[in-house]
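Residue numbers start from 1 in every chain, and the chains themselves are labelled A, B, ... in the order their sequence lines are given, proteins ahead of strands.
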Amino acid sequence: MDRTEIKSRLNEIFQDIFDDPSLRISESTTASDIEAWDSITHIDLIVEIEKKFKIKFSTGEVRGLKNVGDLIGMIAQKAV
Amino acid sequence: MVFTSIPFLAFLGALALLYRVVPRNWRCLLLVAASYYFYWLIGHWFILLLLGATLVTYFAGKSKSFLLVTVGLLISMLVFFKALPLFKTGWLFPLGVSYYSFKLAGYLIDTYWGEMEPEKRLLPFLAYSSFFPQIVAGPIQRPESFLPQVERAEGVSFYTAVTGVIRILLGFFKKFVIADNLGQIVSFVYAHLSAHPGAPLALAFYGYPLQMYADFSGLTDIAIGAAVLLGIESPENFNAPFAAVSIREYWRRWHITLTQWITDYVFTPLRMSLRSLGQPGMILSLFVNMILIGLWHGFRLHFAVFGAVHAMYLTIEALTQRSRNRWYKRSPLANRITDWMGPVVTFHLVAIGGVFFFADRMATVGRLFSHLFDGWSALSPEFHLIIDQPGHSLLFLAAAYALMECLDFARRRFWGKDVILTMPRWGRWSVYTCTGLAFAFTILLMLISSQKSNPFLYAIF
């Protein structure tokens, strides 16, 4: 799966979790760009990504993410 | 030696001068020596506990097999001292242990997760755990932010030192003018709860969160300002907490470094391991997290209840988020009203939590809530004695509080942005002169005032 495809599927997940159909993410989007993206919604987001991409994250991986680009990279590594 | 005393200011001033003149490679040693001297004055023989915990952490950080055992040891040490008053009274509490044990445990967990390299040099590490401006009540600075700064040991320019002094003065203002005066009213009302009708109870109900904020953020201002004088930039602990539109946002703005610590090392790992449970997993994680934040203040039932009350708020917010969003989309008016009412409702929820935080007996909580709306009938003469003192007039306190919020607004806007340097020379020197005068005025007030300042609320945790 290439990064563009991951990004577009990820965008749908973001829109769903943050309940905002107009939300557009980019590789450089961080938690500070999305007001509702806090420690609680972060795990909701991870759970949804795990479900949709059929992958698993570890706590260390979840903590190490700095922006959406990191997240896409991590999914690209894990998803086949 | 409390932060709001002349000996502390003299100690800090002398140290800042010395820090500026000694060669750069001596500065870290100077900070360690000063911090241990300070800790000896406030903690006496508990200095050995600080030193021991730091040395064990330093060496454990170098070997992966001892990392988690040492985290367990540090947390056990903290739990032991927090739990001791339950079994034995009259024991002294090692000051700062709640803060430095979290700093050290965070360092070890980060090293374990591979997020930071073990610190090679012992001296900066000794400075990290003992750094005296932060030892009394934080902020809980992360090692990756502190260690490089203390290793660089950069000199402090005259301009930077002035900003540090301004920050300390802001802390003194919050503490002396607002927290101490408001605190006397709040303590008086709580001490004689059954003697008061509704109005004084309401005053204590609304006053306590404001007192707590002025007190704790004032103490943090002094800590941050003092650190600036010693070349260290600290993290912020407060960001306009009463502007929060939800409890969720409130915790991102209140005691930020503690919330972040517990989020990183407790909430996230716990929530991740319980994620297969779905929403019950989230609720359980929130309750564990918030009750731990409560118990961090002391092993007392009312602190645990305080945490549980906040966990309940957060749970309700999380579970209703989607339906609220849908409602706001349908009704823009509701959205606008919520925007406006959000901080007011949040403040009331925080104040309700504050009653559980302050009152160590449930009977007190019951009495306060059941008589809150009793009105102004028959204020006792003793209450008049308190409220009629010059510093306790409600008008004065309201004006002082408003001024504090304005100063804090300016602080958030301009801190770290070097605005004074961009001013013309006359502007710069006006700032310097005003700071000097305000400083001299504060010292003068401290000298002539016979009344001692109350201890800081957060310095005992």
Side-chain angles (χ1 to χ4, degrees), chain A residues 6 9-25 28-79, chain B residues 106 109-116 239 244-253 256 259-279 281-286 289-290 311 313-329 339 342:
Chain A
I6 294 174
R9 284 179 64 184
L10 208 50
N11 205 79
E12 284 171 27
I13 297 174
F14 268 74
Q15 288 174 348
D16 177 41
I17 291 290
F18 298 112
D19 207 10
D20 179 3
S22 63
L23 191 63
R24 295 283 173 274
I25 53 166
S28 60
T29 304
T30 65
S32 53
D33 299 319
I34 301 173
E35 210 192 312
W37 192 353
D38 59 16
S39 52
I40 301 176
T41 43
H42 186 56
I43 311 293
D44 296 340
L45 190 66
I46 293 295
V47 170
E48 199 58 25
I49 294 169
E50 286 186 332
K51 218 188 289 170
K52 291 274 160 63
F53 287 92
K54 296 191 177 56
I55 52 175
K56 281 272 171 226
F57 289 106
S58 71
T59 306
E61 286 168 341
V62 168
R63 278 175 38 90
L65 299 168
K66 298 279 176 275
N67 56 25
V68 169
D70 278 4
L71 190 56
I72 295 174
M74 193 86 74
I75 298 169
Q77 266 179 22
K78 290 174 182 275
Chain B
I109 302 172
D110 281 354
T111 315
Y112 181 78
W113 278 338
E115 284 178 14
M116 85 169 282
N239 179 18
V245 296
S246 63
I247 291 293
R248 220 158 148 159
E249 193 186 336
Y250 169 79
W251 281 103
R252 292 205 299 270
R253 292 168 172 271
I256 299 169
T259 315
Q260 273 176 353
W261 197 98
I262 299 226
T263 301
D264 280 358
Y265 302 116
V266 179
F267 179 77
T268 303
L270 188 66
R271 175 83 183 90
M272 278 297 282
S273 51
L274 296 177
R275 68 192 187 279
S276 55
L277 299 180
Q279 270 181 349
M282 178 201 63
I283 297 169
L284 185 61
S285 309
L286 280 176
N289 190 63
M290 296 317 291
Y313 294 157
L314 290 168
T315 304
I316 295 172
E317 276 181 12
L319 295 181
T320 59
Q321 186 73 53
R322 274 179 186 266
S323 41
R324 280 185 293 132
N325 281 352
R326 273 198 295 276
W327 184 47
Y328 298 150
K329 267 176 210 155
D339 263 359

- prompt: Checking Thr41(A) against chain B: side chain, backbone, both or neither under 4.5 Å from a heavy atom?
  reply: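 Contact with chain B: backbone and side chain both.
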
- prompt: Please walk me through it: do Ile25(A) and Asp33(A) pass side chain to side chain contact (heavy atoms under 4.5 Å, CB included)?
  reply: CA-CA 9 Å; Ile25(A) 53 166; Asp33(A) 299 319; over 6 Å; no

message: Strictly distance-based, threshold 3.5 Å: is any side-chain N or O of Thr268(B) a donor or acceptor partner for the main-chain N or O of Asp264(B)?
response: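 Not at all, since once roles are kept as given, no pair shorter than 3.5 Å links the two residues.
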
message: Strictly distance-based, threshold 3.5 Å: is any side-chain N or O of Glu61(A) a donor or acceptor partner for the main-chain N or O of Phe57(A)?
response: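 No; zero donor-acceptor contacts below 3.5 Å.
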
- request: First locate atom CD1 of Ile40(A), then atom CG of Leu314(B), and finally report the distance between them rounded to the nearest 0.5 Å.
  value: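 So the gap between those two atoms works out to 5.5 Å.
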
query: So how far is it from Ile256(B) CD1 to Asn239(B) CG, rounded to the nearest 0.5 Å?
result: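 Answer rounded to 0.5 Å: 5.5 Å.
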
message: Any carboxylate oxygen within less than 4.0 angstrom of a Lys/Arg side-chain nitrogen, looking at Lys52(A) and Glu12(A)?
response: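 Result for this pair is no, no salt bridge flagged.
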
message: Using a strict threshold of under 4.0 Å (side-chain N to carboxylate O), is an ion pair present between Lys51(A) and Glu48(A)?
response: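 Yes, charged N to carboxylate O under 4.0 Å.
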
field: Selection from Ser58(A), Ser39(A), Gly60(A) maximising heavy-atom pairs under 4.5 Å formed with chain B
entry: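 Of the candidates given, the most pairs with chain B belong to Ser39(A).
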
message: Below 4.5 Å, heavy-atom pairs only: which of Asp20(A), Ile43(A), Ile46(A), Asp44(A) has the largest tally toward chain B?
response: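 Among Asp20(A), Ile43(A), Ile46(A), Asp44(A), the one with the most close pairs to chain B is Ile43(A).
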
- request: Between chain A and each of Arg326(B), Lys329(B), Arg271(B), count heavy-atom pairs under 4.5 Å; write down the option with the most.
  value: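 Highest number of pairs under 4.5 Å: Arg271(B).
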
field: Neighbourhood of chain B inside residues 67-74 of chain A, taking heavy atoms under 4.5 Å as contact
entry: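 Listed by number: none.
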
- prompt: Is the count of non-hydrogen atoms from other residues, nucleotides or ligands lying under 6.0 Å from Tyr112(B) atom OH greater than 12?
  reply: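 Atom OH in Tyr112(B) is not crowded, with 12 or fewer foreign heavy atoms closer than 6.0 Å.
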
- prompt: Is it the backbone or the side chain of Asn289(B) that comes under 4.5 Å from a heavy atom of chain A, or both, or neither?
  reply: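 Nothing of Asn289(B), per the 4.5 Å heavy-atom cut-off to chain A.
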
